[in-house]
Amino acid sequence: MSDKPIKTDVLIIGASASGLMCAIEAGKRGRRVVVLDHANRAGKKILMSGGGRCNFTNMDIDAVNFISHNPHFCKSALSRYTQWDFIALVNAHGIPYHERDLGKLFCDDSAKDILNMLLEECSKAKVKILLNCEIKTVEKNPDELFQIHSSSGDFHTGSLVIATGGLSIPKMCASPFGYKIAEQFGHKIWSTSPGLVPFTLQPHDKVKLEVLAGVSVECLVSNERIRFKENILFTHRGLSGPAILQISSYWKPGETITINLLPELSVVDLLSSKRKQQPQIKLKTVLAEVLPKRLLPVLLDAGIIELPLQNLSREKINMVADKLQQWQIKPNATEGYRTAEVTLGGVDCDQLSSKTMESKLTPGLYFIGEVIDVTGWLGGYNFQWAWSSGWCAGQVV
Ligand SMILES: Cc1cc2nc3c(=O)[nH]c(=O)nc-3n(C[C@H](O)[C@H](O)[C@H](O)COP(=O)(O)OP(=O)(O)OC[C@H]3O[C@@H](n4cnc5c(N)ncnc54)[C@H](O)[C@@H]3O)c2cc1C
């Protein structure tokens, strides 16, 4: 390692989704780009994403699919580098993929395909990636250059891009580095919390529901602000599955969520008409046709599920309908950053340019990806935000 600082045009901290995309674009413009990362491998979160198949974008991207204190901020970047642009890149690399429910696009084979594509593009654009690199200090010189002191040497750069993501999955090298740099340069940080994360349950619910571990049901899960119709999954620790992960990003401690286990039908209508047609049939037999059998004795009293429909009063039918379609549950907490897919909050959008991601306070400083206060829903939205914001910065750094 030489003692002389290495001069570069663009220095990006974070070699994952947003950082690599920015590096490719800047490199293609002929800029000298260096990417530093403290991990021993680039793109670790890409590799673990989408159950190893990387849900790399969604067919239906809209600002409503993102959470931010400034809901308009994401619009410009998402419209300048769209899902179609990323899909074209994936196609150009011949990566096989498929569409799942709600427009989610996944690799057929492996998330490695996406990472290899980005690394290949980086190498074409002559981007230099240095791993296992500890960033010690970041300063801005009076001569307007940023000075980065790191375990891989000192760097001087005109453009510094922070692409260090959020706090989720510390084991995958997540760190608060980006927030600290933002604060150092006078930026406001919206308080952070885990998003897209399973719920743990109050002790009495945990005891009652843990026998259901492994059961998955399509539900409508809602709170006062939003609703999601996707599967929920009962686990040994609590509640998970896409609908739960989605609502977790809109949940505040102490709040109750409402679960409709049969969003496609009216339980009152079903039971009333069955009672007319087959009065002798037992409640559990009717419900087992529309719900996993294991759920019934857990959610409904043993005395009731054994009753023939003719013995079910209107009042009891309403009560059963309420339990199945208005099931109120107050989570104890979330599983936290250990298992969260994303981090809510982060660098305040209002102090960044929505077109370039450049700081309005410190020229030459950029924030991209998850470190910004923009959090996508489950379904490929977070990667699309990483690609779009990274691409935008890559055009100007
Ligand atoms: C289990 C899991 C599954 C997911 N699946 C999906 C999915 O299928 N689809 C989807 O859209 N989103 C998914 N996400 C979310 C998605 O991975 C992130 O939103 C996205 O990776 C954010 O990209 P980023 O570049 O901003 O940050 P990251 O991908 O988090 O990258 C940050 C980089 O910065 C580096 N870094 C951090 N701190 C420092 C430091 N102090 N010094 C140097 N380097 C540092 C890290 O090592 C890392 O390489 C998933 C997340 C998880 C955890």
Side-chain angles (χ1 to χ4, degrees), residues 16-18 44-58 60-69 71 74 78 100-106 111 164-174 176 178 190-201 216 218-223 225-235 237-253 255 257 259 329 331-346 369-389:
S16 188
S18 60
K44 284 193 171 192
K45 277 209 188 143
I46 299 176
L47 292 176
M48 76 186 301
S49 67
R53 290 226 160 82
C54 187
N55 177 195
F56 55 82
T57 192
N58 195 291
D60 193 12
I61 300 274
D62 190 282
V64 299
N65 308 118
F66 295 85
I67 303 164
S68 171
H69 289 86
C74 62
L78 293 172
R100 294 197 193 158
D101 62 319
L102 304 170
K104 300 168 191 157
L105 298 188
F106 284 80
T164 45
L167 298 170
S168 15
I169 324 265
K171 269 193 189 157
M172 284 291 132
C173 300
W190 287 102
S191 71
T192 53
S193 58
L196 299 180
V197 59
F199 285 133
T200 59
L201 298 171
S216 169
E218 192 187 41
C219 294
L220 185 72
V221 179
S222 58
N223 64 14
R225 298 176 291 285
I226 197 138
R227 50 182 51 202
F228 292 98
K229 192 162 111 212
E230 286 189 68
N231 276 29
I232 69 165
L233 173 70
F234 295 88
T235 72
R237 291 192 294 266
L239 288 175
S240 186
I244 293 296
L245 299 185
Q246 299 278 36
I247 201 101
S248 75
S249 295
Y250 289 86
W251 181 76
K252 296 200 171 65
E255 266 183 7
I257 56 166
I259 301 179
I329 189 146
N332 185 42
T334 72
E335 286 187 7
Y337 291 118
R338 189 178 61 80
T339 59
E341 285 199 11
V342 286
T343 301
L344 296 154
E370 204 180 307
V371 72
I372 304 178
D373 172 36
V374 172
T375 308
W377 287 7
L378 186 83
Y381 298 99
N382 286 294
F383 277 135
Q384 186 58 46
W385 172 245
W387 316 136
S388 296
S389 57

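- Under the ring-ring contact (aromatic ring centres under 6.0 Å, His included) criterion, F234 pairs with no residue, sequence neighbours left out.
- Of the possible donor and acceptor atoms, none in the side chain of Y337 sits under 3.5 Å from a partner among the backbone N and O of V342.
- Taken to the nearest 0.5 Å, the OG1 atom of T334 stands 10.5 Å off from the CG atom of L245.
- In this structure, the separation between CZ on R100 and CG on N58 is 12.5 Å, given to the nearest 0.5 Å.
- Using a 4.5 Å heavy-atom threshold, the side chains of I247 and I226 count as touching.
- Heavy-atom minimum distance, C74 versus P71: SG-O, 4.0 Å.
- The distance from atom OG of S16 to atom CE of M172, rounded to the nearest 0.5 Å, is 11.0 Å.
- Looking only at distances, a side-chain donor or acceptor of N382 sits under 3.5 Å from a matching main-chain atom of G376.
- Minimum heavy-atom separation, G195 to L344: CA-CD1, 3.9 Å.
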TODO: Applying side-chain contact (heavy atoms from CB on, under 4.5 Å), run through F199 and N332 and close with a yes or a no.
DONE: CA-CA 7 Å; F199 285 133; N332 185 42; over 6 Å; no
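- Take W387 and apply the ring-ring contact (aromatic ring centres under 6.0 Å, His included) test, not counting sequence neighbours, and it matches F86, F383.
- With S389 contributing its side chain and G369 its backbone, the two residues share a donor-acceptor pair below 3.5 Å.
- Without hydrogens or angle criteria, D373 side chain to H69 main chain gives a donor-acceptor distance under 3.5 Å.
- Contact of the T339 side chain with the P198 side chain is registered, since non-hydrogen atoms from C-beta on lie closer than 4.5 Å.
- A side-chain donor-acceptor contact under 3.5 Å links S249 to the backbone of L196.
- Residues forming a side-chain contact (heavy atoms from CB on, under 4.5 Å) with S388 (at least two apart in sequence, or on another chain): A77, L78, Y81, Q384.
- Although no hydrogens or angles enter the test, the distance criterion places a donor-acceptor pair under 3.5 Å between the side chain of T375 and the main chain of T343.
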Task: side-chain contact (heavy atoms from CB on, under 4.5 Å) between L378 and N55, intermediate numbers included - done: CA-CA 9 Å; L378 186 83; N55 177 195; 5.9 Å; no
Open item on the list: For a side-chain contact (heavy atoms from CB on, under 4.5 Å) check, start with the C-alpha distance between W385 and I61, then their side-chain angles and the critical distance, and finish with the verdict.
Closed with: CA-CA 10 Å; W385 172 245; I61 300 274; over 6 Å; no
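- R237 is linked by a salt bridge (Lys or Arg N to Asp or Glu O under 4.0 Å) to E335, counting only residues two or more places apart in sequence or in another chain.
- Taking CD from E341 and CE from M48, the interatomic distance works out to 8.5 Å, rounded to the nearest 0.5 Å.
- Between atom SG of residue C219 and atom CD1 of residue I244 there is a gap of 7.5 Å, rounded to the nearest 0.5 Å.
- Expressed to the nearest 0.5 Å, how far CD1 of I329 lies from CD1 of I257 amounts to 6.5 Å.
- Closest of all the heavy-atom pairs between R227 and S222 is CB-CB, 3.7 Å.
- For F228, the ring-ring contact (aromatic ring centres under 6.0 Å, His included) criterion is met by Y250, W377, not counting sequence neighbours.
- Side chain of D60 to main chain of L102: no donor-acceptor pair is present (N/O by atom type, distance under 3.5 Å, no hydrogens or angles).
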TODO: Go through the steps to decide whether I232 and I259 satisfy the test side-chain contact (heavy atoms from CB on, under 4.5 Å), and finish with yes or no.
DONE: CA-CA 9 Å; I232 69 165; I259 301 179; 4.3 Å; yes
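- Here the side chain of K44 pairs no donor or acceptor atom with the backbone of K171 at under 3.5 angstrom.
- Nearest approach of S168 to A174, heavy atoms of both residues: O-CB, 3.2 Å.
- The salt bridge (Lys or Arg N to Asp or Glu O under 4.0 Å) search around K104 returns D101, E230, not counting sequence neighbours.
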